[in-house]
Amino acid sequence: MKGADGYIPFRGFQTWYRVVGEREHEGKLPLLLLHGGPGATHDYLESLEGMAETGRRAIFYDQLGCGKSDLPDDTSLWTVETFVEELGVVREALGLDRLHIFGNSWGGMLAMEYALTQPEGVASMIVASSPSSIPQWVAEANRLRADLPEDVQETLNRHEAAGTTSDPEYEEACLVFYKRHVCRLPEWPDYVLRSFQFLDEHGVVYQTMNGPSEFHITGPLKDWDITDRLGEIRIPTLVISGEFDEATPAINRTVSEGIPGAESVIYPGGSHMAHAEDPEGYMRVLDGFLTRVEDRAWKPVETAAAGIPESR
């Protein structure tokens, strides 16, 4: 789809953004989309450009150190606080006085951290496949990992113990997990592969904050947990994750039950990238939630879309 690209100054660097759609239809609000990682790129969210067809601009940006934004060498930049500040700068620069925020994976963690600053003008938040506790994330990942073939588990354990997680054998073993719980498509779309390629070639943010893999977390995020603060969030919130997601139904419950009035959806057949596996159906769920918020008819309900199983 047609879009306008540009750069926003941030801390002496440049943050790249893309706006899809020219304006909002009457009564609609723009949607700002936050990518995951930390340290990935916006590319894997590309299917959600289709949200612009619902009468809202869809706005993406590559977080600092990611994709088309500047890639500084200073690893002291890679903190939660940096990215919360950057989100506010992007909002101000693009004049997003009132908006919806969508965050996938780390992007949802970032959205919740931002919501805890009590920002004005955020009409709603969608937390997609995101934990509020990395210790819970690791516990759930280990549970899923225990179901992998024994030879795959042995390979993962051996390389993690030896500190050889950059070995191609370890990466191949990780892929078995990823194909079950990150993206279940038989062939990954080009836009998903682009984000993984960036992580392979420029993985410093991911390695610094997270570690070598989705389930072997050694960076400072390993102790990140805001579960006991979720009650401070007062923004209408949809918590959505896939049936086979590494952000499991247990993780969904923790987040959705912690945020007052939040709705919970487990997307059938989906994993961590349900938005790529079934873009049209996924966007129908998002649009339904956003429309009710915009119509000021929002109230907590048991499910955000007819026919979508609820997680509780």
Side-chain angles (χ1 to χ4, degrees), residues 31 33-37 40 42-51 101-112 125-134 136-148 174-189 191-193 195-196 210 213-215 237-259 262-290 302-312:
L31 177 64
L33 298 104
L34 312 180
H35 68 71
H42 80 286
D43 298 75
Y44 79 95
L45 297 177
E46 190 173 282
S47 63
L48 294 179
E49 288 187 1
M51 289 300 293
I101 294 178
F102 169 97
N104 173 260
S105 194
W106 150 255
M109 296 162 62
L110 174 58
M112 288 185 282
M125 177 172 68
I126 299 172
V127 177
S129 301
S130 309
S132 62
S133 165
I134 291 298
Q136 184 187 26
W137 172 279
V138 171
E140 287 294 285
N142 285 334
R143 184 176 62 79
L144 296 175
R145 177 169 160 164
D147 291 332
L148 296 176
C174 288
L175 195 58
V176 177
F177 180 93
Y178 295 166
K179 287 186 173 181
R180 288 188 179 193
H181 302 295
V182 177
C183 185
R184 292 171 65 86
L185 292 172
E187 292 188 13
W188 288 4
Y191 56 85
V192 170
L193 292 174
S195 284
F196 275 90
N210 185 84
S213 70
E214 293 291 273
F215 41 75
T237 300
L238 170 65
V239 182
I240 182 170
S241 47
E243 179 182 1
F244 301 103
D245 206 324
E246 59 181 338
T248 63
I251 287 171
N252 183 300
R253 280 195 299 274
T254 297
V255 178
S256 60
E257 292 177 358
I259 298 175
E263 298 181 14
S264 169
V265 168
I266 301 297
Y267 199 84
S271 67
H272 203 55
M273 295 189 182
H275 64 273
E277 295 158 344
D278 181 20
E280 291 185 4
Y282 193 89
M283 286 189 286
R284 278 197 298 271
V285 177
L286 304 192
D287 179 49
F289 171 74
L290 298 179
E302 287 302 305
T303 178
I308 301 295
E310 197 261 359
S311 70
R312 300 198 227 285

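Computation of the quantities below employed the complete heavy-atom set of this structure, encompassing side-chain atoms and omitting hydrogens, waters and symmetry-equivalent molecules.
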If I compare all heavy atoms of Met283 with all of Leu48, which pair ends up nearest, and what's the gap?
CG-CD2, 3.7 Å
Mind checking side chain to side chain donor-acceptor pair (under 3.5 Å) for Ser271 and listing every partner two or more places apart, or none if nothing turns up?
Glu277
Decide side-chain contact (heavy atoms from CB on, under 4.5 Å) for Val255 and Thr237; before the verdict, give the C-alpha distance in whole Å, the side-chain angles of both, and the deciding distance to 0.1 Å.
CA-CA 10 Å; Val255 178; Thr237 300; 6.0 Å; no
Say you draw a straight line from CD of Glu187 to CG of Leu193; how long is it, rounded to the nearest 0.5 Å?
9.5 Å
Side chain to side chain donor-acceptor pair (under 3.5 Å) involving His275 - partner list, sequence neighbours excluded:
none
Atom of Thr254, atom of Gln136 and distance for their closest heavy-atom approach:
OG1-NE2, 3.0 Å
Can you name the residues that form a side chain to side chain donor-acceptor pair (under 3.5 Å) with Trp137, not counting sequence neighbours?
none
What heavy-atom pair brings Val239 and Ala262 nearest, and what distance separates the two atoms?
CG2-CB, 4.3 Å
Taking only residues two or more places apart in sequence or in another chain, which ones pass side-chain contact (heavy atoms from CB on, under 4.5 Å) with Glu46?
Glu49, Tyr191, Arg194
Can you tell me how far apart CG (Asp245) and CG (Asn252) are? Round to the nearest 0.5 Å.
8.5 Å
Glu140: which residues meet the salt bridge (charged side-chain N to carboxylate O under 4.0 Å, His left out) condition with it, sequence neighbours left out?
Arg143
For His35, what residues pass the ring pair (Phe, Tyr, Trp, His ring centres under 6.0 Å) criterion, not counting sequence neighbours?
none
Under the side-chain contact (heavy atoms from CB on, under 4.5 Å) rule, collect the residues that match up with Ala139, sequence neighbours excluded.
none
Give, for atom OG1 of Thr248 and atom CZ of Arg253, the distance between the pair rounded to the nearest 0.5 Å.
7.5 Å
Identify the two heavy atoms, one from Pro279 and one from Ala276, that lie closest to each other, and give their separation to 0.1 Å.
CD-O, 3.6 Å
Given 3.5 Å as the limit, does a donor-acceptor pair link the side chain of Glu243 with the main chain of Gly269, or not?
yes
With a 4.5 Å limit on heavy-atom distance, are the side chains of Val127 and Met112 in contact?
yes
Under the criterion side-chain hydrogen bond (donor to acceptor under 3.5 Å, both in side chains), which of Ser241, Ser130, Ser105 is the partner of His272?
Ser105
Phe102 meets the ring pair (Phe, Tyr, Trp, His ring centres under 6.0 Å) criterion, sequence neighbours left out, with none
In residues 179-186, what donor-acceptor pairs under 3.5 Å come from side-chain atoms, sequence neighbours left out?
from: Arg180; atom 1: NH1; to: Asp147; atom 2: O; distance (Å): 3.1
from: His181; atom 1: ND1; to: Phe244; atom 2: O; distance (Å): 2.9
from: Arg184; atom 1: NH1; to: Arg180; atom 2: O; distance (Å): 2.9

Residues which pass side-chain contact (heavy atoms from CB on, under 4.5 Å) with Val138, listed by chain and number, not counting sequence neighbours
Ile134, Asn142, Ile217
Student check: side-chain heavy atoms of Asn210 and Trp106 closer than 4.5 Å
no
Looking at CZ of Phe196 and OH of Tyr178, how far apart are the two atoms once the value is rounded to the nearest 0.5 Å?
6.5 Å
If you measure from CG on Asn104 to OG on Ser129, what distance do you get to the nearest 0.5 Å?
5.5 Å
Using only atom types and a distance under 3.5 Å, with no angle test, would you say the side chain of Ser195 pairs donor to acceptor with the backbone of Tyr44?
yes
Set of side-chain contact (heavy atoms from CB on, under 4.5 Å) partners for Asp278, sequence neighbours left out
Tyr267
In chain order, what residues pass the side chain to side chain donor-acceptor pair (under 3.5 Å) check against Tyr282, with sequence neighbours excluded?
none
For the CD1 atom of Ile101 and the CE atom of Met125, what is their distance to the nearest 0.5 Å?
8.0 Å
